[in-house]
Amino acid sequence: MARLIRPKILGRQLGGAKISWLRTLGGSTRPAFTKAIEGTRVGRVWRRAKWIVVDLERDREPAGHLLIHLRMTGRLVVSKEAVPFERVSLQLDGGAERFVFSDVRKFGRFQYVRDSQSVLDGLGPEPLSKEFTSDWLRAALRHRKRQLKPLLLDQTFLAGLGNIYVDEALHLARLHPLRSAEKVNAASADRLHEAIQTVLARAIELEGSSFDTFYRTPEGQPGAYQHQFQVYGRDGLPCHACGSKIAKMVVGQRGTHLCRRCQPKPRAARST
DNA sequence: CTATGGCCCTGGTTGC
DNA sequence: TGCAACCAGGGCCATA
């Protein structure tokens, strides 16, 4: 999303803001937000974990950042037309185009911060960075007692994985979501490391997963990773690897999909 | 440190 | 057919 929206806003000047859902701003008031944004120019557009970061400049000097989190149904669009479920929109270059944050469920954030550290500090490593090595993962798992699925969803442990990609990565690594992290042996940790990178790289390449009317690129196009799903949303269907039925369970209030044959349950967690 | 559950929201799907 | 219950790419917070 950061990469796709970048060419549409880079270097452009931001004008008036229209805020139709206050909580989207994440705590600031309409006047404070508007004053901070108006007249700034878009510098770098980058990403950290699930945050899209838009660096702002005023007279070539740093002037804070927009921190954008799409949560479930957030979407970024540059458009002259009205966009359904607009929550925040910013004039671009005083012209007809607007930079719009649309969000059906209103969970997303489009907030201004002077300093991005407070929000971005404390996040785990990027799964596609050099920092995230199989050695790092092996060591990190060794001293954690949590179940793999909630641990991998924890952004302070590893940043950027969501429900779909955790299920897909665990299946590819042949690991049960309830397995305790400390009981993952070195070979399994290495498989998990590789699976996480494989799944994420491929999903980014295919521009994400679109299985209903939400979840679109800024062009309104669907992604294509949903065609690669091995387990997510495939409960009751045969596993592509072994043919047995994909199961669905609830782990940490999240729907969790797995193949019980490819991802056998560890003895200690055998009761659930 | 870990686990659990409520809450924030709306819309599409499921099931009676 | 109609309507209520349930579920959804996420994350915060309080409590135990």
Side-chain angles (χ1 to χ4, degrees), chain A residues 1-2 4 20-27 47-52 67-76 83-88 101-111 118-124 127 140-171 177-183 196 199-200 202-204 206-218 221-236 248-257 268-269 271-272:
Chain A
M1 288 295 287
L4 296 174
S20 22
W21 187 255
L22 188 55
R23 297 186 66 154
T24 302
L25 300 186
R47 180 195 61 78
R48 172 72 173 104
K50 297 177 185 176
W51 290 95
I52 296 162
L67 284 182
I68 304 165
H69 198 305
L70 306 176
R71 297 275 177 102
M72 305 284 259
T73 54
R75 222 183 116 189
L76 291 173
V83 177
F85 310 110
E86 280 190 29
R87 305 307 177 198
V88 178
F101 181 69
S102 146
D103 186 19
V104 171
R105 287 178 71 184
K106 301 176 176 172
F107 286 168
R109 290 292 178 267
F110 190 103
Q111 58 194 63
S118 59
V119 178
L120 302 183
D121 272 2
L123 290 166
L141 293 177
R142 203 177 305 138
H143 60 95
R144 300 295 197 116
K145 288 188 192 302
R146 298 175 73 183
Q147 298 169 331
L148 281 178
K149 167 123 186 188
L151 182 62
L152 293 173
L153 283 174
D154 183 344
Q155 303 295 297
T156 69
F157 177 73
L158 184 62
L161 284 172
N163 200 41
I164 289 181
Y165 302 122
V166 167
D167 282 5
E168 293 296 319
L170 286 172
H171 176 261
L178 297 183
R179 167 158 251 134
S180 165
E182 64 179 356
K183 292 190 179 151
I196 288 169
V199 164
L200 281 184
R202 185 77 175 131
I204 290 167
L206 295 180
E207 300 188 333
S209 312
S210 306
F211 42 81
D212 64 23
T213 53
F214 316 119
Y215 316 128
R216 294 290 133 120
T217 70
Q221 296 302 116
Y225 194 74
Q226 65 277 14
H227 304 304
Q228 312 291 316
F229 288 168
Q230 303 296 302
V231 286
Y232 188 84
R234 295 196 66 247
D235 35 312
K248 185 174 179 184
M249 60 193 291
V250 175
V251 179
Q253 355 250 87
R254 310 300 303 276
T256 297
H257 311 74
S271 53
T272 355

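Within every chain, numbering begins at 1; the chains are lettered A, B, ... in the order of the sequence lines, protein sequences first and strands thereafter. Treat the numbers as computed from the prediction; the structure is a model and nothing was measured.
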Distance in angstrom units between A:Phe85 CZ and B:dG12 P, rounded: 7 Å
To the nearest angstrom, how far is A:Ile68 atom CD1 from C:dG11 atom P? 15 Å
Do A:Trp51 and A:Ile68 have side-chain heavy atoms sitting under 4.5 Å apart? no
For C:dC12, the Watson-Crick or wobble counterpart (both distances under 3.5 Å): B:dG6
Under-4.0 Å side-chain N/O to phosphate OP1/OP2 contact, A:Lys106 with B:dT10: yes
Looking at the side chain of A:Arg146, which of B:dG11, B:dT2, B:dC8 is the nearest nucleotide? B:dT2
In the structure I gave you, are the side-chain heavy atoms of A:Thr256 and A:Leu170 within less than 4.5 Å of one another anywhere? no
Write down the distance separating the P atoms in B:dG11 and C:dT1, rounded off to the nearest Å. 23 Å
What integer distance in Å separates A:Gln147:CD from B:dT4:P? 7 Å
Quick one, A:His257 and A:Phe229 - any side-chain contact, counting heavy atoms below 4.5 Å? no
Of the listed nucleotides B:dA3, B:dC9, C:dG11, the one nearest the side chain of A:Gln155: C:dG11
OP1 or OP2 of C:dC12 versus the side-chain N and O atoms of A:Arg109: is any pair under 4.0 Å? no
Taken to the nearest whole Å, NZ/A:Lys248 to P/B:dT14 is 11 Å
Given B:dG11, B:dG6, B:dT2, identify the nucleotide with an atom nearest to the side chain of A:Lys145. B:dT2
Are any of A:Arg144's side-chain N or O atoms less than 4.0 Å away from OP1 or OP2 of B:dC1? no
Would you mind reading off the distance between A:Leu70 atom CG and C:dG11 atom P, rounded to a whole angstrom? 10 Å
Any A:Arg105 side-chain nitrogen or oxygen under 4.0 Å from OP1 or OP2 of B:dG11: no
For atom CG of A:Asp103 and atom C1' of B:dG11, their distance in whole Å: 13 Å
Think A:Lys149 has a side-chain N or O under 4.0 angstrom from the OP1 or OP2 of B:dT2? no
Working for side chain to side chain contact (heavy atoms under 4.5 Å, CB included), residues A:Val88 and A:Asp103: CA-CA 9 Å; A:Val88 178; A:Asp103 186 19; over 6 Å; no
Under 4.5 Å between any side-chain heavy atoms of A:Phe110 and A:Ile52, yes or no? no
A:Tyr165 near the nucleic acid: base, sugar-phosphate alone, or nothing, with a heavy-atom cut-off under 4.0 Å? base
Can you tell which of B:dT2, B:dT10, C:dG11 lies closest to the side chain of A:Lys50? C:dG11
Atom pair distance, as rounded to whole Å: CZ in A:Phe229 and P in C:dA8: 13 Å
How do A:Gln253 and A:His143 order along DNA chain B: which one's closest nucleotide is nearer the 5' end? A:His143
Find the distance A:Arg23:CZ to C:dG11:C1' and express it as a whole number of Å. 13 Å
For the P atoms, the ones on B:dC9 and on C:dC3, what distance do you get once it is rounded to whole angstrom? 26 Å
Considering only heavy side-chain atoms of A:His69, the closest of C:dG11, C:dC7, B:dC9 is C:dG11
Hey, mind stepping through A:Leu161 and A:Val199 against side chain to side chain contact (heavy atoms under 4.5 Å, CB included) and telling me if it holds? CA-CA 10 Å; A:Leu161 284 172; A:Val199 164; 6.0 Å; no
